[in-house]
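The structure appears below as structure tokens.
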Number of protein chains: 2
Amino acid sequence: MNLKQATEIGKCLSNQTRFQILEWLKEPEKNFPPHETLKHFNDGVCVTYIQEKAGLSQSTISTYLTNMEKCGLLISTRHGKWSYLKRNEETIKQFTDFLI
Amino acid sequence: MNLKQATEIGKCLSNQTRFQILEWLKEPEKNFPPHETLKHFNDGVCVTYIQEKAGLSQSTISTYLTNMEKCGLLISTRHGKWSYLKRNEETIKQFTDFLI
DNA sequence: TTAATATATCGCAATTTATAGATATGTTTG
DNA sequence: CAAACATATCTATAAATTGCGATATATTAA
């Protein structure tokens, strides 16, 4: 982790909705309904569920999630027409180590 | 630590200069010249030294430091006409615990 | 192949942030 | 008290971010 990447992560954490999404994704089973096709949360939560829970527009949430993936906070996995998002614990740990 | 406070901290960490200051303050002896009046860094580093090292205007740095103190990242101590800034390790720890 | 569904990207207006210069406040020193 | 110094605050402008609707792309279903 270097200063530039850490600052990119900081930018994602500077918005309450984005930060909240990261918190929700700590416990997908608790915060989101189960997926109909996948019977588990192994790859995280689909965009639509996150969008509905956040209450912002589809385009806004999609952009947020893309940014959060780019800076390393999230891992995105495609299954058919769905994208599933989960926390990238490794990068998050590197970020907190850098900060402390 | 709650979502609102964490996001305020995120805002401070969304700017490279502010993040850099926090990193510099990990090792004041290494990153700053010694103070003439105080022979130690117990209360941190004065505003002028931080401003000179950052290379931005006095007003900008003063605003940054004020914000960083307000959100809990820094602790400010006055000694006469100088303000000394140091990291608030307790809040930083609370922030990283909240994130992980 | 067409329609429906899920997600991504584009373009835009509104809001927020970045940063500086000017000025104000507070402290020390002559 | 006046001058000098350190820091804080105010005001203004440029730049970046927010968040949306429209549209594009990709995948599945009919």
Side-chain angles (χ1 to χ4, degrees), chain A residues 3-4 7-22 25 32-38 41 43-71 73-86, chain B residues 3-4 7-22 25 32-38 41 43-71 73-86:
Chain A
L3 182 63
K4 200 177 176 70
T7 306
E8 288 307 309
I9 290 174
K11 283 182 189 176
C12 279
L13 301 179
S14 73
N15 173 289
Q16 198 158 328
T17 300
R18 286 188 300 256
F19 212 137
Q20 175 75 82
I21 290 169
L22 211 55
L25 290 177
F32 300 95
H35 296 108
E36 288 177 15
T37 49
L38 279 77
F41 286 107
D43 288 323
V45 180
C46 71
V47 178
T48 303
Y49 284 0
I50 296 172
Q51 187 248 308
E52 284 170 353
K53 182 139 180 146
L56 294 181
S57 76
Q58 184 268 323
S59 66
T60 297
I61 296 299
S62 177
T63 304
Y64 281 3
L65 296 175
T66 299
N67 291 157
M68 292 171 81
E69 193 205 354
K70 274 185 187 152
C71 77
L73 279 175
L74 296 181
I75 294 170
S76 174
T77 310
R78 262 265 181 187
H79 286 288
K81 56 182 171 181
W82 293 279
S83 279
Y84 296 87
L85 282 308
K86 68 175 173 185
Chain B
L3 183 63
K4 200 177 176 72
T7 305
E8 289 306 308
I9 289 175
K11 283 183 189 177
C12 280
L13 301 179
S14 73
N15 174 288
Q16 199 157 327
T17 301
R18 285 189 300 256
F19 213 136
Q20 175 74 82
I21 290 169
L22 212 53
L25 289 178
F32 299 94
H35 295 109
E36 288 178 14
T37 48
L38 277 77
F41 285 107
D43 289 321
V45 181
C46 72
V47 177
T48 301
Y49 285 180
I50 297 172
Q51 187 249 308
E52 284 170 354
K53 182 141 181 145
L56 294 180
S57 75
Q58 184 267 324
S59 66
T60 297
I61 296 298
S62 177
T63 304
Y64 281 3
L65 297 174
T66 299
N67 291 157
M68 291 171 81
E69 193 205 353
K70 273 185 188 153
C71 77
L73 280 174
L74 297 180
I75 294 169
S76 176
T77 310
R78 264 265 181 188
H79 285 288
K81 54 182 171 180
W82 292 281
S83 278
Y84 296 87
L85 281 308
K86 67 175 173 184

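Chain letters run A, B, ... following the sequence lines, proteins first, then strands; residues in each count from 1.
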Spacing between B:Gln16 atom CD and D:dA15 atom P, to the nearest angstrom: 19 Å
Nearest-Å distance for atom pair CE/P, residues B:Met68 and D:dT7: 16 Å
Close side-chain approach of B:Ile75 and B:Glu69, heavy atoms under 4.5 Å: no
A:Thr63 versus A:Thr60, side-chain donor and acceptor atoms under 3.5 Å: no
Short side-chain to backbone donor-acceptor contact, B:Gln51 and B:Leu56, under 3.5 Å: yes
Spacing between A:Leu74 atom CG and C:dA8 atom C1', to the nearest angstrom: 16 Å
Heavy-atom closest contact (B:Leu85 atom, B:Ser76 atom, distance): CD1-CB, 3.7 Å
Protein-nucleotide distance (B:Asp43, atom CG; D:dA6, atom C1'), rounded to Å: 16 Å
Atom-to-atom span, CD of A:Glu69 to P of C:dT9 - whole angstrom: 10 Å
Shortest non-hydrogen contact between B:Leu73 and B:Cys12, atoms and distance: CD1-CB, 3.6 Å
Side chain to side chain, B:His79 and B:Leu38, heavy atoms closer than 4.5 Å: yes
DNA chain D-proximal residues of residues 77-84 of chain B, any heavy atom under 4.0 Å: B:Arg78, B:Lys81, B:Trp82, B:Ser83
Rounded distance (Å) that lies between atom C1' of D:dT7 and atom NE2 of B:His35: 14 Å
Non-hydrogen atoms of A:Arg78 and A:Ser83 that approach each other most closely: NE-OG, 3.6 Å
Side-chain heavy atoms of B:Ile61 within contact of B:Thr48, under 4.5 Å: no
Minimum-distance pair of heavy atoms, taken over all atoms of A:Phe19 and A:Leu13: CD1-O, 3.3 Å
Overall bend - the helix from C:dT1-D:dA30 to C:dG30-D:dC1, comparing terminal axes fitted on five pairs, nearest 10 degrees: 20°
Atom pair distance, as rounded to whole Å: CD in A:Gln51 and C1' in C:dA6: 11 Å
Closest non-hydrogen atom pair between B:His35 and B:Val45, with its separation: CE1-CA, 3.7 Å
B:Tyr49 side-chain N/O to B:Pro34 backbone N/O, donor-acceptor pair under 3.5 Å: yes
Anything under 3.5 Å between a protein N or O and an N or O of nucleotides 17-20 of chain D, put it in a table, one pair a line.
residue, atom, partner, partner atom, Å
D:dT18, OP1, A:Arg18, NH2, 2.9
D:dT18, OP2, A:Arg18, NH1, 3.3
D:dG19, OP2, A:Asn15, ND2, 3.2
D:dG19, OP2, A:Tyr64, OH, 2.0
D:dC20, OP2, A:Ser57, N, 2.8
D:dC20, OP2, A:Ser57, OG, 3.1
D:dC20, OP2, A:Thr60, OG1, 3.1

Atom pair distance, as rounded to whole Å: CD1 in B:Ile50 and P in D:dA8: 10 Å
